[in-house]
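Computed from heavy atoms alone, side chains included, the values below leave out hydrogens, waters and symmetry copies. Every chain is numbered from 1 and lettered A, B, ... according to where its sequence line falls, protein lines coming before strand lines.
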Amino acid sequence: MAVWYSLLLVLGMSLFVYLGAGLLGLQAIFGIVVPYAAILVFLIGFSMRILGWARSPVPFRIPTTAGQQKSLGWIKPSKVDSPYTTWGVVGRMAMEVLLFRSLFRNTKAELTEGKLAYGSSKWLWLFGILFHYTFLTIVIRHLRFFTEPVPFFVQALDRVDGMLQIGSPVIYQTDVILVAALLFLLIRRLVNPQMRYLSLPADYFPLFLILGIALTGIMMRYFAVFKVDLLSVKVLAMGLATFNPTIPEGIGVMFYIHLFLFSALLAYFPFSKLMHLGGVFLSPTRNLPNDSRMARHVNPWNAPVKVHTYEHYEDDFREKMIEADLPVEKQA
Amino acid sequence: MYNAGKIIPGLLIFLGLVTFPFWSNLGRAYDVPELVMPEAEEECVLAGDWMRANHMILLDDWRDLAVRDNKRLFTNDAGKRFDMSLTKTCLSSQCHANKDTFCDRCHDALAITPNCWDCHVVPTIGEE
């Protein structure tokens with residue numbers, strides 16, 4: 001149900017744009033109003049989510065550890081997997097963010113000959129990291145529509161991405177890898193009954209949405225029927241970027257579907273699981289040093305408690321204790 | 001708010017990165033590249049609108065037909081015949097003689113580096 005619901009939602013949005021921008025000619029709404037609104041929702045929503053998390057107190061150290069804690073001098077501590085310094089945390093976070101290190105430890109539980117066995121399972125890590133880096137490359141590559149002159153790094157990336165020089169326009173490797181990775185992530189949820197059971201529309205919808213964005217982009221680039229005049233697209237994009245929006249004539253409806261689906265992704269982003277983009281940096285289980293035995297962490301909003309320590313107790317009753325032959329720490 | 005000293009700068013850096021297209025273009029207007037159209041010829045081999053978006057497919061087909069199948073004659077919808085040649089037909093002195101003011105204007109604007117000129121000579125020598 002969740003699959004069909006998500007798929008229909010993405011197809012429905014595409015049909016909606018086809019009707020609106022294609023048949024009714026409402027290009028100004030789909031080419032100007034929707035993108036600006038989506039960017040605003042994204043920027044404000046993203047900031048609100050981050051600030052909301054920043055308001056959540058994390059008084060104690062709760063890192064997940066994957067190595068030896070710093071303890072006695074002759075026991076070798078694990079500096080990154082159980083970090084106890086700021087640099088250890090920075091190293092751990094960098095490897096988490098850039099290499100998805102905790103996902104690399106992904107295991108799979110299986111019954112073999114009646115026994116439960118755990119084995120390494122790297123496929124999710126592989127396709128996950130392929131998806132994220134190709135998507136990043138594609139987003140950066142799109143800067144060629146929003147900059148004049150096109151910066152060197154965008155041109156270089158474009159050339160490296162198309163270095164196989166297959167066909168004309170050349171095939172981008174990232175396009176192929178992105179779709180393959182998305183299909184893996186989607187099929188993984190569909191074929192495994194356990195995965196399928198716990199997958200929700202919130203899992204399928206972003207996959208279908210990004211797949212829709214990728215496929216509309218690919219159709220516009222490689223298939224003659226859907227091709228659009230790129231210079232007009234750049235005029236529209238630069239109009240948006242310079243706050244001087246225009247709608248050039250004759251951009252095919254496929255472009256407006258592409259743009260609308262991406263706008264939908266932007267607007268949906270702050271309310272979805274995709275917020276792990278910002279959330280990964282704010283995970284207390286990753287970004288805190290494991291130093292509970294080195295420093296005392298006091299809950300800052302603890303209510304003040306009136307305490308009566310043993311020293312005070314002894315001060316109060318010392319003579320009586322000595323009379324009763326009870327041992328005291330300090331003689332009178 | 002906790003750890004504002006780290007979270008706020010991080011958020012600002014992120015917002016700065018994602019709004020790059022907007023602040024990098026501040027105070028600038030986009031000059032649409034003007035293409036210099038041929039004076040002698042009115043019609044392209046196929047409709048101009050179609051060519052704007054699809055010329056690379058046509059040229060790719062031409063190359064394959066000429067190089068692999070030795071077919072060098074192209075007949076368009078109107079029945080007019082052309083030599084399937086980038087240098088002799090498209091870039092001829094009658095049509096897009098100047099690559100800089102036609103091909104490159106759009107290609108440069110969109111950071112496209114077609115590999116046509118890895119093999120083809122840009123025919124400017126005859127003019128000068």
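Taking OH from B/Y30 and OG1 from A/T147, the interatomic distance works out to 9.5 Å, rounded to the nearest 0.5 Å. Expressed to the nearest 0.5 Å, how far NZ of A/K234 lies from CG of B/L110 amounts to 6.0 Å. Atom CE of B/M56 sits about 4.0 Å away from atom NZ of A/K227, to the nearest 0.5 Å. Between A/I39 atom CD1 and B/F22 atom CZ the span is 3.5 Å, to the nearest 0.5 Å. Between the CG atom of B/N54 and the CZ atom of A/F223 there is a distance of 13.0 Å, given to the nearest 0.5 Å. With values rounded to the nearest 0.5 angstrom, B/D49 atom CG is found 8.5 Å from A/D229 atom CG.
Interface check for chain A: of the options B/A53, B/A111, B/S24, the most heavy-atom pairs under 4.5 Å are formed by B/A53. For chain B, the option among A/R141, A/Q165, A/Q155 with the highest count of heavy-atom pairs below 4.5 Å is A/Q165. Between chain B and the options A/V228, A/T242, A/L231, the largest number of non-hydrogen pairs under 4.5 Å is found for A/L231. Ranked by heavy-atom pairs shorter than 4.5 Å toward chain B, the options A/A224, A/P300, A/P248 are led by A/A224. Between chain A and the residues B/D60, B/I112, B/D64, the most heavy-atom pairs under 4.5 angstrom are made by B/D60.
Applying the 6.0 Å contact sphere to CG of B/D118 captures more than 12 heavy atoms from other residues, nucleotides or ligands. Other residues, nucleotides and ligands place more than 12 heavy atoms under 6.0 Å from the CZ atom of A/F243. For CZ of B/R52, the number of neighbouring non-hydrogen atoms (other residues, nucleotides, ligands) closer than 6.0 Å is 12 at most.
Contact of B/P114 with chain A is not made at all, since no heavy-atom distance falls under 4.5 Å. Of the two parts of A/S56, only the backbone, made up of N, CA, C and O, holds a non-hydrogen atom closer than 4.5 Å to a non-hydrogen atom of chain B. In this structure, chain B has a heavy atom under 4.5 Å from the side chain of A/L143, while its backbone stays farther away.
A pairwise comparison of heavy atoms in A/A241 and B/P21 identifies CB-O, 3.6 Å as the closest pair.
No donor-acceptor pair under 3.5 Å is formed between the side chain of A/R55 and the backbone N or O of B/M1. A donor-acceptor contact shorter than 3.5 Å links the side chain of B/R28 to the backbone of A/E148.
For residues 5-20 of chain B, the interface with chain A (any heavy-atom pair closer than 4.5 Å) comprises B/I7, B/I8, B/L11, B/F14, B/L15, B/V18, B/T19, B/F20, sorted by residue number. The interface of residues 255-282 of chain A with chain B, defined by heavy-atom distances below 4.5 Å, comprises A/L277, A/L282.
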